[in-house]
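The structure appears below as structure tokens.
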There are 2 protein chains.
Amino acid sequence: MTEHEGSGTRERLISAAAELIAASPGEDFSLRAVCDAVGVKMPTLYHFFGSKQGLIDAVVEHGFDVYLGQKESMGSSGDPIQDIRSGWDAHVAFGLENPGFYTLMYGKVRPGYSPEAQSRPSEILRGLTARAAEHGRLAVPSDQAAAHVLVANIGVTLRQIVLAQPDPELSAAVREGVIAAITGTARDSTDPVAATIEIVAAAPDVLGEAETALLLSWLTRLRGDRRDEPGSR
Amino acid sequence: MTEHEGSGTRERLISAAAELIAASPGEDFSLRAVCDAVGVKMPTLYHFFGSKQGLIDAVVEHGFDVYLGQKESMGSSGDPIQDIRSGWDAHVAFGLENPGFYTLMYGKVRPGYSPEAQSRPSEILRGLTARAAEHGRLAVPSDQAAAHVLVANIGVTLRQIVLAQPDPELSAAVREGVIAAITGTARDSTDPVAATIEIVAAAPDVLGEAETALLLSWLTRLRGDRRDEPGSR
DNA sequence: GTATCGCCGTATCGACGCTACACCAGGTAA
DNA sequence: TTACCTGGTGTAGCGTCGATACGGCGATAC
């Protein structure tokens, strides 16, 4: 964690900035503190990075390198959907372990966005969904599935960071919900009456408001009867 | 848009700060600029808010007031799941219209978190999922469903903001995926073979790796035959 | 030897968040 | 009227921040 790999001044500046960011996630950091930690004055820092944003960009790229490094070492399980699962969990784990990096990578709003760094992980995810599509496992286009997974994955991770409260159960629930959505399958036993209820409720214009409400009440009572019969089943 | 409702100095300071934030989303703003816009010096601002964070908190609370105001004026459709849908869309729309506010409200990492402001909208959502649970529409506990919806909703909104690229299709896809997850239903026609594939692939430990792979290949070919009825590739 | 270039320090700039202090309304009590 | 108190406001200044102009140093190239 505290290693400084590479003894170049540039690398030491990046490492020092990374440690400062990791030490106080979400907080701003001072360029002078970075310079002091390395034993260098500010013009040196500006010689390498040009601006504070330049340093941050370099740190973010470093963060992506670390992330991708520990992600590539994970290998494939053979099943693309399973790979998406483990990729999801690795994504969340990295975010919770490096909240400072993560918020910089995925939480920062930049007028002139810089997606070239983010493109690498999303490219990996696109590769996974593309492979899943080749195997006929997806119910939606590959790119759409990748975007769906990515946005939900980022949302779960960012939320856990801002609340400072990990919630593996929630992460797993959202993950399985997303996978069910892109594969077009339902994990749990699907009650056909429940499915019908949702279909009817989602399109109240077809039958009209009153008829929809009436039909819904009937269906709800029907499902209740079927569920509440312990012995008759 | 440029209205200053309330002529008190405090309200005018909040409005000025809100306009500056809205003018440059994601950017930092200067307290001196706020004071200049109101025609007041800094000690006055500090008299009311104590610190910059105090001003930001007041602005965020103001943002939540605006958000909840335009949300409460929406009313209920009668169906709790439909209400969750429209609440989702209103949430996304507010975020895209007020990216500066939104990132402050949901994107900021604070060591000592301040969830008391965020608690109001999530309380509304909890009310919706509780009502859905009363109607027997949920397949998961009410609180878990609310957390699931909220985290995905924030994720979709924040992602569209940071990418500066609205994607209603993605928002709708994630929304329906989430609703399907919490209601335990699948929207699309569920191919039983596809469902079986996902069940088997999700639990490779039951049969062992080799047997699982073999079974998967058979199931995949079976589904392929059923799908590609007219001719095989 | 000297000229060029990469790296780095000295000194300084303007803008920032923040604060000590004095001022001046206005209301209250004597 | 006079005295006092309280709350909003201005003047002036603190320390720190990001950023920059300028010059010095050593090493390599010719």
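Here is the naming used below: chain letters follow the sequence lines, and residue numbers restart at 1 for every chain. Below, each value reflects all heavy atoms present in this structure, side chains not excepted, and no hydrogens, waters or symmetry copies.
Between A:K52 and the phosphate of D:dG18, there is a side-chain N or O to OP1/OP2 separation shorter than 4.0 Å. Contact annotation: B:T44 side-chain N/O to D:dG10 OP1/OP2 distance is under 4.0 Å. Using a 4.0 Å cut-off, no side-chain N or O of B:S30 falls inside it from OP1 or OP2 of C:dA15. Considering only side-chain N and O atoms, B:T9 lies under 4.0 angstrom from the phosphate OP1 or OP2 of D:dT9. A close approach under 4.0 Å does occur between a side-chain nitrogen or oxygen of A:H47 and OP1 or OP2 of C:dC7.
In this entry the distance linking CG of A:D36 with C1' of D:dT16 reads 12 Å, nearest Å. The distance between atom CZ of A:R32 and atom P of D:dG15, rounded to the nearest whole Å, is 14 Å. At whole-Å resolution of the value, NZ in A:K41 and P in C:dG6 are 24 Å apart. For the pair A:F48 CZ and D:dA19 P, the computed distance is 17 Å after rounding to whole Å. For the pair A:L13 CG and C:dC7 P, the interatomic distance rounds to 12 Å; values are reported in whole Å. Rounded to an integer number of Å, the gap from OH of B:Y46 to C1' of D:dG10 is 16 Å. Regarding A:M42, its CE atom lies at a distance of 14 Å from the P atom of C:dC8, rounded to whole Å. Counting to the nearest Å, the P atom of D:dG18 and the CG atom of A:L45 are 9 Å from each other.
Between B:V92 and B:S171 the shortest heavy-atom distance is CG2-OG, 3.8 Å. Contact detail for B:P99 and B:L96: the closest heavy-atom pair is CD-O, 3.6 Å.
Classification of B:R85 and B:D79 as a salt-bridged pair fails, no side-chain N sitting under 4.0 Å from a carboxylate O.
Inter-residue side-chain proximity for A:M105 and A:F94 is flagged as met; some heavy-atom pair is nearer than 4.5 Å. Two residues are said to be in side-chain contact when any heavy atoms from C-beta on lie closer than 4.5 Å; B:F29 and B:I56 meet this criterion.
Considering only side-chain atoms of A:V40, the nucleotide from D:dG10, C:dG9, C:dC18 that sits closest is C:dG9.
A residue-by-residue look at A:A33 and A:P43 shows that A:A33 has its nearest nucleotide of DNA chain D further toward the 5' end.
Counting non-hydrogen atoms under 4.0 angstrom, B:F29 reaches the backbone sugars and phosphates but no base.
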